[in-house]
Amino acid sequence: MKRPIFALIDCNNFFVSCERIFRPDLEDKPVAVLSSNDGCVVARSNEVKALGIPMAAPAFKYREIFDRHSIVKFSANLELYGNMSRRITELLTTITPRIEVYSVDESFLDLSQLDIRDYTAWGDAVRESILRWTGLPVSIGIAPSKTLAKLASDRGKKQLSLGGVLSLVDNPQLDQHLSEVPVDNVWGIGWRLNPKLRAEGLNSALHLAQLRPQRAQQLMGIRGRQLVAELNGVCCFGLDLEHQKPKSIMRSRTFGEDTNQVGVVEAALASFATTAAFRLRRSNQLARRAGIFIDTNKHKSGFRRWSRETIYQVPTADTGQLISDVVALFSEVYNPRMSYHRAGVWLGDFMPADYLQTDLLGVVSPAAHDHSQARMLAVDTLNERFGKRTVHYAAEDLAQTWQPRHHIRSPRYTTNVAELPQVKIVP
DNA sequence: TCTGGGGTCCTAGGACCC
DNA sequence: TCTGGGGTCCTAGGACCC
């Protein structure tokens, strides 16, 4: 059996890079992308990072720095980023079908079946080809475990001399690299474990790698023990090819403005249920549980959250049913004296959609289930063909004021005909 | 005035059973 | 007063990720 070799392909400053493709004038300028409601900074160009603005920083706290340095801000344009992400995935799939799309801007490839002599040269070529075909700069890390590949891509990105590519396969400088990585930069070490490890005198990835397995488990649980093995080149986390099938689905938003209006919250919940149910059907699954939560502002005193859930004897992916159920759940907790700030709908406890027909026909009314399936198929087909929300449930239209603000979103250049980039030809 | 939105996995402890 | 031991399932919460 061949030993495992993984590559991590990681897009640099992904959201910012997507914006720059269509705005080449911003190439060396400080650029930041903001979350829903333009609340937090979710992507930063190198220039913005250098100004000391941290990830997830609340935008209003840094307004002065934004103004003083003329940082260019964008509201998140997730439709554009999703489309660019798919283009990269398509390219990578032509290299090998053994791909795990880990997040919108990262994919792992399993290289063990490929005949590659020089991993660094291979990485350079892939990097070059992604840049040429999509315009997006990436970093590539190659190693015998995913944890090391992750660490390698991060080194490749930050050490300019590496040109965006680092292979740690049989690399004599492995220990040197590990010793230069702070322990909290290791994949899996977060804010809670960091101080605990530092207190033990474990400050670098190399210190962590040298930990005895039993001690690692004592300090960090079973995942920590595996993490230490991974740092030593022993693969514990394989490629997750089932990654595409979600185990739970959540849709939530902070409202554009706080509200105590029952209709506004109902419209929001109906809208969340609609997109969550669509995602569920696309993954060909049915949910046995659905729930809602609703919050006041967590940054104000007296913060409260209410949640309710419902369990289905007969699993469902029916938008109409889910809407009426989440609205009913909300009526159990609604209080007109509250100022609601954020709400969400989640679906969980899934089963395969085909399973129901063969297995549960004794419990389910087959006709009702078939009608639901047919109805949803019709809705999804129409919306795919004629555009989102061509057909939708009226409950969504009760109000719009809950919708988040995104005043400074760029055009959806690649997915919306009305917003295509325009070219001026100067004679 | 103004602080995102989605996920996964692990563990501890309670309920329940024999 | 004293009041087993172990297994399984479920849930809530912790911790981490992007």
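Below, chains carry the letters A, B, ... as their sequence lines are ordered, and counting in each starts from 1. These values consider heavy atoms only, across backbone and side chains, with no hydrogens, waters or symmetry-generated copies.
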Worksheet item: Which residue lies toward the 5' end of DNA chain B, A:I222 or A:K298, if each is placed at its nearest nucleotide?
Response: A:K298

Item to complete: When you get a sec, tell me which of B:dG7, B:dG6, B:dT3 is the closest nucleotide to the side chain of A:S252?
Response: B:dG6

Worksheet entry | Side chains of A:R279 and A:P246 in contact at under 4.5 Å (non-hydrogen atoms) |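 Yes, their side chains come closer than 4.5 Å.
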
Worksheet item: Quick check: does any side chain N or O of A:S252 sit under 3.5 Å from a backbone N or O of A:G344, one acting as donor and the other as acceptor?
Response: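 Side chain of A:S252 to backbone of A:G344, a donor-acceptor pair under 3.5 Å: no, none is there.
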
Worksheet item: What nucleotide, of B:dT11, B:dG6, C:dA15, holds the atom closest to the side chain of A:R251?
Response: B:dG6

Worksheet item: Can you check the A:L347 CG to B:dG6 C1' distance for me, whole Å?
Response: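 Nearest whole value for this atom pair: 13 Å.
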
Fill in: B:dG6 phosphate, OP1 or OP2, under 4.0 Å from A:R253 side-chain N/O
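Yes, such a contact exists.
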
Worksheet entry | Separation between the P atoms of C:dC18 and B:dT3, rounded to whole Å |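 Looking at atom P only, C:dC18 and B:dT3 are 25 Å apart.
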
Worksheet entry | Any A:K300 side-chain nitrogen or oxygen under 4.0 Å from OP1 or OP2 of B:dT3 | no

Discussion item. Any base atoms under 4.0 Å from A:I189, or only sugar-phosphate, or nothing? Heavy atoms, all strands.
Written reply: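 A:I189: backbone/sugar contact only, no base atoms under 4.0 Å.
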
Discussion item. Between A:L322 and A:D318, is there a side-chain heavy-atom distance shorter than 4.5 Å?
Written reply: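 Answer no - side chains too far apart.
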
Worksheet item: Is A:E27 atom CD crowded by more than 12 heavy atoms from other residues, nucleotides or ligands, each under 6.0 Å away?
Response: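 Atom CD in A:E27 is crowded, with more than 12 foreign heavy atoms closer than 6.0 Å.
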
Worksheet item: Do A:R342 and A:R305 come close enough that some side-chain heavy atom pair is under 4.5 Å?
Response: yes

Practice prompt. Grab the CZ-P distance between A:F255 and B:dG5 for me, whole Å please.
Written response: 10 Å

Worksheet item: According to a strict under-4.0 Å criterion, is A:S36 in side-chain N/O contact with OP1 or OP2 of B:dG5?
Response: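 The answer is yes; a side-chain N or O of A:S36 sits under 4.0 Å from OP1 or OP2.
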
Worksheet item: Within less than 4.0 Å of OP1 or OP2 of B:dG7, is there a side-chain N or O belonging to A:S103?
Response: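 No, outside the criterion.
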
Worksheet item: Whole Å only: how far is the CD atom of A:Q226 from the P atom of C:dC16?
Response: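 These atoms are roughly 16 Å apart.
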
Discussion item. In this structure, how many angstroms lie between the C1' atom of C:dC18 and the CG atom of A:N12, rounded?
Written reply: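 It works out to 15 Å between those atoms.
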
Item to complete: With DNA chain B as reference, determine whether A:I249 or A:C40 sits nearer its 5' end, using the nearest nucleotide of each.
Response: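 The residue mapped nearer the 5' terminus is A:C40.
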
Worksheet item: So what does A:D105 touch, heavy atoms closer than 4.0 Å: a base, only the sugar-phosphate, or nothing?
Response: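 Touches sugar-phosphate only.
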
Item to complete: For A:V41, answer base if it contacts any base atom (sugar-phosphate contacts may also be present), sugar-phosphate if it contacts only those atoms, and nothing otherwise; contact means non-hydrogen atoms under 4.0 Å.
Response: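 The answer is nothing, as A:V41 stays clear of every strand by at least 4.0 Å.
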
Worksheet item: Under the ring-ring contact (aromatic ring centres under 6.0 Å, His included) rule, what pairs show up with a residue in residues 253-306 of chain A, not counting sequence neighbours?
Response: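 Non-adjacent pairs meeting ring-ring contact (aromatic ring centres under 6.0 Å, His included): A:F272-A:W402, A:W306-A:Y340.
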
Worksheet item: Among B:dT8, B:dC10, C:dC17, which is the nearest nucleotide to the side chain of A:P246?
Response: B:dT8

Worksheet item: Does the base of C:dT11 carry an N or O that pairs as donor and acceptor with the side chain of A:R289 under 3.5 Å?
Response: no

Discussion item. Taking atom CZ as the centre, does A:R198 end up with more than 12 heavy-atom neighbours from other residues, nucleotides or ligands that are less than 6.0 angstrom away?
Written reply: yes

Fill in: A:S35 vs B:dT3: side-chain N/O to OP1/OP2 distance below 4.0 Å
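No, because none of the side-chain N or O atoms of A:S35 sits under 4.0 Å from OP1 or OP2 of B:dT3.
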
Worksheet item: Within the structure, does a side-chain N or O atom of A:R223 lie under 4.0 Å from either OP1 or OP2 of B:dC9?
Response: no

Response to the item:
Between A:D240 and A:E100, the two heavy atoms sitting closest are N-OE1, 2.8 Å

Worksheet item: Among C:dC18, B:dC2, B:dG5, which nucleotide sits nearest the side chain of A:T254?
Response: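 Minimum distance to the A:T254 side chain belongs to B:dG5.
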
Practice prompt. Check A:T296 against A:R304 and note the closest heavy-atom contact, atom names and distance.
Written response: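 Closest pair (atom of A:T296, atom of A:R304, distance): OG1-N, 2.8 Å.
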
Discussion item. Between C1' on B:dC2 and CZ on A:F66, what's the gap in Å once rounded to a whole number?
Written reply: 13 Å

Discussion item. Both atom distances under 3.5 Å, Watson-Crick or G-U wobble: I'd like the secondary structure of DNA chain B as a dot-bracket string, with | for pairs made across strands.
Written reply: ....||||||||||||||

Item to complete: Looking only at side-chain atoms of A:H299, point me to the closest of C:dC18, C:dA15, B:dT3.
Response: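 Between C:dC18, C:dA15, B:dT3, the one nearest the side chain of A:H299 would be B:dT3.
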
Worksheet item: Which listed nucleotide (C:dC18, C:dC16, B:dT3) is nearest to the side chain of A:W187?
Response: C:dC18

Item to complete: Rounded off to whole Å, could you give me the CD-to-P distance for the A:E106 and B:dG7 pair?
Response: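 So the two atoms are 17 Å apart, to the nearest Å.
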
Item to complete: Just call it for A:H406: base, sugar-phosphate, or nothing, with non-hydrogen atoms closer than 4.0 Å on any strand.
Response: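 Answer is nothing: A:H406 stays at 4.0 Å or more from every strand.
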
Fill in: N/O (side chain, A:K150) to phosphate O (OP1/OP2, C:dC17) under 4.0 Å
no

Response to the item:
Atom CZ of A:F237 and atom P of B:dC10 are separated, to the nearest Å, by 9 Å

Worksheet item: Considering only B:dG5, B:dT8, C:dC16, which nucleotide approaches the side chain of A:W191 most closely?
Response: C:dC16

Fill in: Whole-Å gap separating P (B:dC10) and CD (A:Q218)
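Between P of B:dC10 and CD of A:Q218: 19 Å.
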
